Structure formats: structure tokens, C-alpha cells
Enquirer: 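Encoded as C-alpha cells, here's the structure I'll be asking about.
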Amino acid sequence: MLKMLSTVARCTRRTHYPGSLNSWSLKRRRSSEANQVPRLQEVGVLEKPLQGQTYQTGQCVFNKALAYRGVVIMSWKANVVDSSHTSGIKSTDYYQLLMDQRDVIHERLIEATPKEPWPRGRFLLAGIDHVCHDDLVPYTPSGGFLPIVNVNARRLFKRNENDRARLVPKATLADWRTQHIPWLNSGQVHIETTRDALRVTATCFYTGRHRLVHRWRCSLRIDNLSPSDSYVIQGHEWDVFSPSGRRHVVKGISLPGNRTVLSPSARTVQHTFYLDITAPLALTWGFFIVSRYSHTEMFRCKIPAFPLESVLRTGVVDDLVKNT
């Protein structure tokens, strides 16, 4: 059984209860109910995770790493480069999810929007995430017209009268997928694991060009793999360089920091943001500054270096420049 904490009081921390998966589900705050105690509410029943198969579009799933509900938009084979493995590039099933916005209003899952929307460009859905197959657990929602709250839910899906666990995609979703498959398939996942049991995962997609500016959608996730130790993220250093050696100043990026704690009960933090630079090709490099929770000595946790490429690996050149 899947239970979530619901409350009308605004709060940001997450609590876990033995035997169930829990997170905060925030509703609009009312002044007369601001101090109401959160309560557990049944939202669905967990199903057995699929092995050797992919989840289909419309499947309701639960992200066990970041504790939110979602619906599968589409799946694709991602090229995963893990520095701890010597086997090179590994092909892994990844999914684009439409997230339930009741579950993601907390400091551990932040999605930034582009500061300067383009007059023409690929339409990027609000409240989406890119998730590995192993992080997902399918579930059957308890009820409701649509089991997900998202500004795009009714635009893309409709209720399945015969199966609450699988929504029916609308024609608008099929059109959107056809338009976006090239840039989704261009994505690559880079993983770096430290000796201190910290794993950093970087995912990046090229989303197009407007005039002289190229844009990428990037996601950085940090996992604490230690069964007992806690860590504190004190800050970060992150740079973007073009092949000529020029350092590009990137503004407006909010990476995990400000003493974010990674503990055995709250292991993961993820930030998604957009990079706008004037070079068609670049390389990222950086690290997080981390300390153990009970120590003041700090160390570097490497962020995987990964390329920013403006040409899709499918051979499809960016079509956004056609009428700009």
C-alpha cells in the first residue's frame, strides 16, 4: 500500500514511516489551518516492478528515490557512461515522467525554468523528469478523475475507465512525442562515484538554438550510498569551456548547496536547469564541496565532465534555426 502525508500547512521536510513509502503532499495554505498536523492518506497500491520490460506510456509510477508520483510520457535507451565501470558505454532504459506537482514542492527536487523564453523553440513541459528504470515502482491509484496533478495532465492524458493504473494518452501527446524524440534520444547520462560513497549523475539534452545562443537542459543528482554516514553539501564550483579554452559565464544556475544534508533517510537531491551559451560545443567540469555531517573537514566530490553538443546524435541538425 502506498501512503502519502497530506497537510494544509506549508512544510519542506520529509518523514519516513516503517513499512510504507511517504512524502509530503502540499495543499494551499489556509490561515485558520496553518498549524494542522500532517496525516497519512492512502493514495494507491504498489505493484511488482517490471523486470526485462519497459513501462508503457500512461503507466502510473512512484519514484522511490525522490518520493513522488508520476505518469510515463515515453521511454528511450540512454547511453550511460559510468566512471566506476570499465565496460564503457551501457544502454539503459530511461523514462520521461510527468510529475505530480503535489509531491515535488520541496528543496530536494528543484526544476528551474528558462529565464528567457524563446519566441520559437521546442516546447518543454513543465514538471517533467528523466528517470532510470530501477528507480520506478508501478502503482494503482486509489481514485480520482485523474490520479496526477500537473498543469499538462488533462492536455496529454485522459482517464482509463478499465484500468486506473494506466492512463490513456491523447493525440496531443503523440504529436509532442514525435516532435521531441530526436532530442530525447540525443541525451547521455554520466555517473561519477566517489570513495566516500557519493554518486553524482549528470543528464543533459540539447534543446535548440535561437540566434547565437544554444540551449541545453541539464540535471544533476547526488545520491548518498552509505548505509550509515551523512554528508553536508557546502557549495560547488562548476565551469563551462569551449574547445578553444574560453570559459563561458553561466548565470542563474541553482545547484545543490547551502548545507543540504544527505542522510540515510534522505539520500537524494536533484536540480534541473537550463544552460544558455554562445558556443555550439562545450565541456563542463566541476565539483561539489562536501563534508561529513559530524566533521568540519571538507573534500571535493567530482561532477562528471560531459560534453555539450549542439548536433543531435541521430544526425538531425537543429531545426529551430529555420525561421529565426
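These figures come from a predicted structure and were not determined experimentally. Excluded from the calculations below are hydrogen atoms, water molecules and symmetry mates; all remaining heavy atoms, backbone and side chain alike, are included.
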Enquirer: Atom CZ of Arg177 and atom CH2 of Trp76: how far apart are they, to the nearest 0.5 Å?
Expert: 11.5 Å

Enquirer: Determine the minimum heavy-atom distance between Leu98 and Ala153, stating which atoms define it.
Expert: CD2-CA, 3.9 Å

Enquirer: Taking side-chain hydrogen bond (donor to acceptor under 3.5 Å, both in side chains) as the definition, give me every residue that meets it alongside Arg166, ordered by chain and number, with sequence neighbours left out.
Expert: Gln59, Asp163

Enquirer: Apply side-chain hydrogen bond (donor to acceptor under 3.5 Å, both in side chains) to Ser291 and list each qualifying residue two or more places apart in sequence or on a separate chain.
Expert: Gln234

Enquirer: Show every donor-acceptor pair shorter than 3.5 Å between a side-chain atom in residues 277-286 and any protein atom, with sequence neighbours excluded, or say none if there are none.
Expert:
| residue | atom | partner | partner atom | Å |
| --- | --- | --- | --- | --- |
| Thr284 | OG1 | Phe306 | N | 3.4 |
| Thr284 | OG1 | Phe306 | O | 3.2 |

Enquirer: In terms of hydrophobic clusters joined by side-chain contacts under 4.5 Å, are Ile128 and Leu167 together?
Expert: yes

Enquirer: Roughly how far, to the nearest 0.5 Å, is CH2 of Trp176 from CD of Gln96?
Expert: 3.5 Å

Enquirer: With a 4.5 Å cut-off on side-chain heavy atoms, are Arg69 and Arg102 touching?
Expert: yes

Enquirer: Using a 4.5 Å cut-off on heavy atoms from C-beta on, say whether the side chain of Pro307 contacts that of His190.
Expert: yes

Enquirer: Please report the closest heavy-atom contact between Ala78 and Val189, naming both atoms and the distance.
Expert: CB-CG2, 4.1 Å

Enquirer: Using atom types as modelled and distance alone, determine if a side-chain donor or acceptor of Asn160 lies under 3.5 Å from a backbone N or O of Val168.
Expert: no

Enquirer: Could you give me the CA-CA distance, side-chain angles and deciding distance for Asp276 and Arg215, then say whether salt bridge (Lys or Arg N to Asp or Glu O under 4.0 Å) is met?
Expert: CA-CA 5 Å; Asp276 289 347; Arg215 174 170 288 173; 2.7 Å; yes

Enquirer: To the nearest 0.5 Å, what is the distance between OH on Tyr94 and CG on Asp129?
Expert: 10.0 Å

Enquirer: Phe287 versus Cys301: any side-chain heavy-atom pair under 4.5 Å?
Expert: no

Enquirer: So, taking the atom named CG in Leu156 and the one named CG in Leu173, what distance separates them when rounded to the nearest 0.5 Å?
Expert: 5.0 Å

Enquirer: So do the side chains of Thr194 and Lys302 get within less than 4.5 Å of each other, counting heavy atoms only?
Expert: no

Enquirer: Please say yes or no: joined through hydrophobic side-chain contacts below 4.5 Å, possibly via intermediate residues, are Leu308 and Phe241 part of one cluster?
Expert: no

Enquirer: Do Arg154 and Leu146 come close enough that some side-chain heavy atom pair is under 4.5 Å?
Expert: yes

Enquirer: Do Asp100 and Tyr68 get their side chains close enough for a donor-acceptor pair, meaning under 3.5 Å?
Expert: no

Enquirer: With Tyr95, which residues qualify under side-chain hydrogen bond (donor to acceptor under 3.5 Å, both in side chains), at least two apart?
Expert: His133

Enquirer: Should Tyr231 and Ile289 be counted in the same cluster of Ile, Leu, Val, Met, Phe, Trp and Tyr side chains packed under 4.5 Å apart?
Expert: no

Enquirer: Tell me, please, which residues at least two apart from Ser219 pass side-chain contact (heavy atoms from CB on, under 4.5 Å).
Expert: Thr203, Gln270, Thr272

Enquirer: Could you tell me whether a side-chain N or O of Arg267 sits under 3.5 Å from a main-chain N or O of Asn224, the two making a donor and an acceptor?
Expert: yes

Enquirer: Measure up the Trp216 and Tyr206 rings against each other and bin them: parallel (under 30°), tilted (30 to 60°), perpendicular (over 60°).
Expert: tilted

Enquirer: Less than 4.0 angstrom from a charged side-chain N to a carboxylate O is my criterion; do Lys64 and Asp135 meet it?
Expert: no

Enquirer: Given side chains that start at C-beta, do those of Pro264 and Ser230 come closer than 4.5 Å, heavy atoms only?
Expert: yes

Enquirer: Identify the two heavy atoms, one from Leu50 and one from Tyr55, that lie closest to each other, and give their separation to 0.1 Å.
Expert: N-OH, 3.0 Å

Enquirer: Might you work through the side chain to side chain contact (heavy atoms under 4.5 Å, CB included) test for Tyr293 and Asp229, ending with a clear yes or no?
Expert: CA-CA 8 Å; Tyr293 189 78; Asp229 292 334; over 6 Å; no

Enquirer: What pair of heavy atoms forms the shortest contact from Gly127 to Gln101, and how long is it?
Expert: CA-NE2, 4.2 Å

Enquirer: Salt bridge (charged side-chain N to carboxylate O under 4.0 Å, His left out) with Asp196: which residues, sequence neighbours excluded?
Expert: Arg292

Enquirer: What's the separation between atom CD in Glu47 and atom SG in Cys60, rounded to the nearest 0.5 Å?
Expert: 9.0 Å

Enquirer: Taking all non-hydrogen atoms of both residues into account, name the closest pair between Glu42 and Val45 and its distance.
Expert: OE2-CG2, 4.4 Å

Enquirer: Would you indicate whether the side-chain heavy atoms of Phe157 and Ile148 approach each other to under 4.5 Å?
Expert: no

Enquirer: According to a 4.5 Å side-chain heavy-atom criterion applied to Ile, Leu, Val, Met, Phe, Trp and Tyr, with indirect links allowed, do Val290 and Trp238 form part of one hydrophobic cluster?
Expert: yes

Enquirer: Do Asp93 and Lys77 have side chains that approach each other closer than 4.5 Å (heavy atoms only, starting at C-beta)?
Expert: yes

Enquirer: Which pair of non-hydrogen atoms, one from Asn63 and one from Leu136, has the smallest distance, and what is that distance?
Expert: CA-CD2, 4.2 Å

Enquirer: Does Val261 share a hydrophobic cluster with Met298, counting links as ILVMFWY side-chain heavy atoms below 4.5 Å and allowing steps through other members?
Expert: no

Enquirer: Report the distance from atom CZ of Arg199 to atom CG of Leu225, rounding to the nearest 0.5 Å.
Expert: 5.0 Å

